[in-house]
Amino acid sequence: MADEQAFDLDKLRELIALMDEHGLSEVSLTKGDQAWKVRKDSGDSIQMVPAANATDTAAPAGSAPVQAAPPTIDSPVVGTFYSAPTPDDPAFVKVGQAVSADTIVCIVEAMKVFNQIPAEMAGTIAEVLVNNGDAVEYGQPLFRIQPG
Amino acid sequence: MTIPPFDLDAIRGETFVADVVYHDTLDSTNDLAHTIAADGSPDPGSPVLFLAAYQTRGRGRGSNSWHAARGGLTFSLLLGFDNPIQPSRFPPLALATALGVSRALSSRLAEVVSDVRLKWPNDLVVNDRKICGILVEPLRGPSPGVIIGVGVNVNNRLDPSLENHATSLADLLGNHVPLTDLLIEILSGIEQTTGAWQNGDPTLAADWTRSCHDIDRPVVTETPRGPIEGICRGIDSDGRLILDLPNGSRQAIASGSLHFRERQS
């Protein structure tokens, strides 16, 4: 786990400025054994979440590469991920399937409210990042999508 | 032609609904509301009530069905919004609706029972027995809106298999309850509490924790990932159940059910 105290806030400010300058909504930052992903949502608030596998992607000490993360469809709510309308139905989408912004890609259930989640971008489903029945957090990536 | 057990003009005239769609028998008022909503954007200022004397396939949560014999109250409200609603706001809407219904039922039952309680996440119970279920479903299309389905046991005969788990207003009061009057009272309660929800009233969360049936009780929550045991400490502002776990940690649960336990005789 990265040590938050050692994280350089100036670098973070620089990163946010770079995001604004280049119109990026999400970037990954890796430094030594720390890895952070910074994402701006539509309301322009900024979330920082520890990136997975930090040590696997560690860059050489002293460098702070900034890269655009592949776009993902993120959960808008805490709840349970369902890939299909019912256990007997096929999944809403599968890898390789083209989707439009309105295509329903999954359900996230919270307190018995079944929210149908649209892709909100056009492209092709590149990867399903969670399993049917998984608990998901707010903002957790559910699908990786290849824009187009 | 069957005479409606409701005074539809009174419902239109004395409640906040702009229109009433009534059928004697329907599969599900929520399903009809979805069908109508798919044909056009719901007007944000004009809630529509879908009402049936008898639902053959009323849906409860998940695949559960709502036992809706004649004499019960089953309806759905279609509410439109000016702007899209974040999905995280719908569970609190279900709880706000439950509070509104609870106030109306509490008023009716004031002389015979002490309380109508909220059974997380979307039921109302009296004396540990279910009297009302609520099912909130966001609209499936691009139009911002929601359908709130409500089923209340009123004058309907309950299935004997539910004897230990369900109750009705008529059973509790010992007499028949006029459906139109009750529906108007319930809609008035829902208008108040859903209005408070829309305005972001911060006192709502305290109200639903105060109404929580299982507050400070040991409970077992069945979740998609297995049962979780703990002491119920209330319901947070997002609508999640707060449990103190045996290991001393506190957990907020977003998905699950608190099952009725067999009553001790």
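All values below come from the heavy atoms of this structure, side chains included, with hydrogens, waters and symmetry mates left out.
Taking 4.5 Å as the heavy-atom cut-off, the residues of residues 79-86 of chain A that approach chain B are A:G79, A:T80, A:Y82, ordered by number. Within residues 115-129 of chain A, the residues that have a heavy atom under 4.5 Å from a heavy atom of chain B are A:N115, A:Q116, listed by number. Of residues 91-101 of chain A, no residue lies under 4.5 Å from chain B by any heavy-atom pair.
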B:V48 vs B:V17, side chain to side chain contact (heavy atoms under 4.5 Å, CB included): CA-CA, chis, key distance, verdict: CA-CA 6 Å; B:V48 180; B:V17 302; over 6 Å; no
How far apart are the C-alpha atoms of B:H34 and B:R140, what are their side-chain angles, what is the distance that settles it, and do they pass the side chain to side chain contact (heavy atoms under 4.5 Å, CB included) test? CA-CA 8 Å; B:H34 274 297; B:R140 294 164 188 155; 3.5 Å; yes
Step by step, work out the side chain to side chain contact (heavy atoms under 4.5 Å, CB included) result for B:V150 and B:L73. CA-CA 8 Å; B:V150 178; B:L73 190 53; over 6 Å; no
CA sep, side-chain torsions, deciding dist, call: B:R117, B:D123, salt bridge (Lys or Arg N to Asp or Glu O under 4.0 Å): CA-CA 9 Å; B:R117 310 293 288 180; B:D123 289 336; over 6 Å; no
If you apply the rule side chain to side chain contact (heavy atoms under 4.5 Å, CB included), what do you find for B:V146 with B:L139, and how did you get there? CA-CA 5 Å; B:V146 69; B:L139 292 189; 5.8 Å; no
I'd like to know whether B:D201 forms a side chain to side chain donor-acceptor pair (under 3.5 Å) with B:T203, so could you lay out the CA-CA distance, the side-chain angles of the two residues, the decisive distance to 0.1 Å, and finally the verdict. CA-CA 6 Å; B:D201 184 343; B:T203 65; 2.7 Å; yes
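When all heavy atoms of B:L135 and A:K112 are compared, the pair lying nearest together is CD1-O, 4.0 Å. Across all their heavy atoms, B:G149 and B:N30 have their closest contact at CA-OD1, 3.1 Å. Of all heavy-atom pairs between B:A205 and B:S237, the closest is CB-CA, 3.8 Å. Taking both residues in full, the closest heavy atoms of B:L79 and B:I148 are given as CD1-CD1, 3.8 Å, listed atom of the first, atom of the second, then distance.
Not counting sequence neighbours, the partners of B:S249 by the side chain to side chain contact (heavy atoms under 4.5 Å, CB included) test are B:L245, B:N247.
At a 4.5 Å heavy-atom cutoff, the contact between B:R240 and chain A is made by backbone and side-chain atoms alike. In this structure, the portion of B:P224 lying under 4.5 Å from any heavy atom of chain A is its side chain and not its backbone.
Among A:D134, A:V113, A:D102, the residue with the largest count of heavy-atom pairs under 4.5 Å with chain B is A:V113. With chain A as the partner, the residue from B:S88, B:A94, B:S255 showing the most heavy-atom pairs under 4.5 Å is B:S255.
In this structure, the side chains of B:F16 and B:L77 come closer than 4.5 Å at one or more pairs of heavy atoms. Considering only heavy atoms from C-beta on, B:D27 stays 4.5 Å or farther from B:Q55 through its side chain. Between B:F90 and B:I85, the closest side-chain pair of non-hydrogen atoms falls below 4.5 Å.
For B:D236 and B:R250, the salt-bridge test fails: no basic side-chain N is under 4.0 Å from an acidic carboxylate O.
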